[in-house]
Chemist: 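Have a look at this one.
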Amino acid sequence: MKQILKSLTFLVLFPICSFGQNYNVGEQTIVYTDSIRNRPIKTEFWYPTNEIDSTFEKKTDLPFILSPTIRNADFIKQEFPLVLLSHGTGGNRLGLAWLAIALAKQGYFVVAPDHWGNTFDNKITEYFVMYWERPLDISFLVTHILSDKSLSQYVDKEKIGVVGFSLGGYTSLALAGAVLNCNLLKTIAKTAEGKKEFNIPEIGDLRKLIENIPCDSIQKSFKDNRIKSFVALSPALGLGFDNVEQTKSISSPTLIIGAENDQIAPIKTNAENYNKLIPNSMFIKLEGEVGHYIFLNEGNESLKKEDKKYFKDDKTINRAEIHENVEKEIIKFFRNTLNK
């Protein structure tokens with residue numbers, strides 16, 4: 001039986017609860033190269049640290065409202081659960097920094113890559129439909145981290161999770177075992193719904209590119225059995241799923257969170273569709289005027305004025321409050337599913 005949770009405010013259904021130790025958070029940036037795919041993977045680490053920096057209280061230089069981190073801080077010499085983050089189309093590794101920092105404070109080692117060619121500062125048109133590269137990026141990082149003794153000593157290899165937003169939400173579900181129907185995607189792209197969903201703010205109309213996707217590259221399993229728990233935030237590409245056969249290999253715990261007023265990845269054809277097809281998935285619906293980009297960092301006042309599409313919410317919505325409660329649900333989910 002599916003567990004379906006609906007929330008208008010979260011505060012009624014999900015009261016504030018306290019978790020464990022609040023660590024300080026270290027942060028590093030490292031650039032890897034997947035030599036097999038000749039693909040750079042710029043990666044951000046957030047992790048628990050006992051280090052205290054004299055500049056810790058200073059505000060971040062980013063145009064976001066974020067808790068401060070300590071650059072290149074020392075690791076704590078113990079193993080922590082590993083959580084990988086996958087950003088949305090045209091975003092980057094820092095787009096879910098609010099969640100990464102919250103997880104690191106609670107004792108998670110968090111890793112987020114730039115999906116090369118599909119970031120806001122490196123837009124390569126054809127890479128916006130090379131969907132298969134994303135789960136391969138995540139699996140590459142898992143392999144690298146677990147094989148690198150300088151990093152693996154801080155990771156509990158039996159406790160690995162993934163969180164993805166938008167196209168990153170699809171990425172998370174693909175790693176869980178969801179297999180996209182390439183021909184269905186191409187057929188739907190020619191419909192009114194396809195026109196709506198595949199004309200994206202970051203780069204425009206993708207439908208001609210979708211027509212030319214090599215189906216043998218995407219219509220296969222990217223399931224990574226090392227990853228034990230999966231979260232999808234407003235997942236996209238739901239139009240490429242219409243049959244339980246596509247999700248039958250998903251056996252790991254899966255949490256899907258959708259936004260009722262999502263105009264980019266409409267909840268009916270995406271989050272709700274995935275939830276319907278994935279056995280035993282949990283589902284949370286953010287009700288009201290909550291839009292797609294609620295899952296991005298909270299912007300400062302200047303950014304809200306400059307980039308309203310991504311950082312300005314309806315007047316009834318408090319992004320900081322929603323973030324606080326979403327992160328509590330994700331932390332609770334991982335504690336229940338990774339700590340078995």
Side-chain angles (χ1 to χ4, degrees), residues 16-32 41-85 87 91-114 141-142 144-146 148-163 165 231 295-303 311 318-335 338-339:
I16 299 297
C17 55
S18 60
F19 291 109
Q21 179 175 352
N22 266 310
Y23 294 95
N24 288 340
V25 178
E27 184 174 354
Q28 296 184 21
T29 308
I30 299 176
V31 180
Y32 298 109
I41 303 178
K42 192 171 187 178
T43 305
E44 204 76 7
F45 291 169
W46 295 265
Y47 49 92
T49 183
N50 287 328
E51 192 169 323
I52 299 175
D53 191 333
S54 60
T55 64
F56 189 66
E57 295 302 323
K58 290 185 178 180
K59 295 181 179 178
T60 175
D61 292 333
L62 297 170
F64 308 125
I65 300 173
L66 294 171
S67 297
T69 61
I70 303 171
R71 295 298 307 187
N72 303 313
D74 291 334
F75 285 83
I76 296 172
K77 292 188 177 356
Q78 70 181 73
E79 294 182 349
F80 294 100
L82 173 66
V83 174
L84 298 105
L85 306 182
H87 65 75
N92 77 353
R93 69 192 188 284
L94 302 176
L96 296 173
W98 63 274
L99 179 59
I101 294 169
L103 286 164
K105 284 182 178 180
Q106 292 298 317
Y108 293 83
F109 182 179
V110 185
V111 176
D114 277 354
L141 286 174
V142 173
H144 183 86
I145 290 167
L146 295 185
D148 183 343
K149 291 182 179 179
S150 68
L151 294 174
S152 62
Q153 62 182 307
Y154 307 119
V155 174
D156 186 335
K157 65 181 180 180
E158 299 301 322
K159 298 178 181 179
I160 303 177
V162 173
V163 181
F165 161 61
V231 179
F295 296 108
L296 295 181
N297 295 319
E298 183 183 6
N300 61 23
E301 289 305 315
S302 176
L303 188 58
F311 300 102
N318 183 323
R319 187 175 294 204
E321 182 179 278
I322 289 178
H323 282 184
E324 181 181 359
N325 288 283
V326 166
E327 70 192 35
K328 284 180 168 60
E329 289 307 312
I330 291 174
I331 291 168
K332 182 169 69 176
F333 174 73
F334 280 142
R335 292 207 169 168
L338 291 181
N339 291 343

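All residue numbers refer to positions in the sequence shown, counting from 1.
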Chemist: Are Leu296 and Phe64 packed together at the side-chain level, in the sense that at least one heavy-atom pair is separated by less than 4.5 angstrom?
Modeler: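 Not in contact.
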Chemist: Tell me every residue that passes salt bridge (Lys or Arg N to Asp or Glu O under 4.0 Å) with Asp156, counting only those two or more places apart in sequence or in another chain.
Modeler: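 Residues passing salt bridge (Lys or Arg N to Asp or Glu O under 4.0 Å) with Asp156: Lys159.
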Chemist: Do the side-chain N and O atoms of Gln106 and Asn22 include a donor-acceptor pair separated by under 3.5 angstrom?
Modeler: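 Yes, because at least one side-chain N or O of Gln106 sits under 3.5 Å from a partner of the opposite role on Asn22.
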Chemist: With ring-ring contact (aromatic ring centres under 6.0 Å, His included) as the criterion, how do Tyr32 and His144 come out once you've worked through the C-alpha distance, each side chain's angles and the decisive distance to 0.1 Å?
Modeler: CA-CA 9 Å; Tyr32 298 109; His144 183 86; 4.3 Å; yes
Chemist: Side chain to side chain contact (heavy atoms under 4.5 Å, CB included) between Val111 and Ile145: does it pass, once the steps are laid out?
Modeler: CA-CA 10 Å; Val111 176; Ile145 290 167; 3.7 Å; yes
Chemist: Test of understanding: with side-chain contact (heavy atoms from CB on, under 4.5 Å), list the residues that count as partners of Ser150, not counting sequence neighbours.
Modeler: Asp148
Chemist: Counting only N and O atoms by type, is there a donor-acceptor contact under 3.5 Å from the side chain of Glu51 to the main-chain atoms of Asp74?
Modeler: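 Confirmed, Glu51 side chain pairs with Asp74 backbone.
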Chemist: Sequence neighbours left out, what passes ring-ring contact (aromatic ring centres under 6.0 Å, His included) with Tyr108? Give chain and number order.
Modeler: none
Chemist: Applying ring-ring contact (aromatic ring centres under 6.0 Å, His included), name anything that partners Trp46, two or more places apart in sequence or on another chain.
Modeler: none
Chemist: Listed by chain and number, what are the ring-ring contact (aromatic ring centres under 6.0 Å, His included) partners of Phe75, not counting sequence neighbours?
Modeler: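 For Phe75, the residues satisfying ring-ring contact (aromatic ring centres under 6.0 Å, His included) (neighbours in sequence not counted) are Tyr47, Phe109, Tyr154.
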Chemist: Do the side chains of Glu27 and Arg71 get close enough for a salt bridge, i.e. N-O under 4.0 angstrom?
Modeler: yes
Chemist: Applying salt bridge (Lys or Arg N to Asp or Glu O under 4.0 Å), can you list everything that pairs with Arg93, at least two apart in sequence or on another chain?
Modeler: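 Checked Arg93 against salt bridge (Lys or Arg N to Asp or Glu O under 4.0 Å); matches are Glu44, Asp114.
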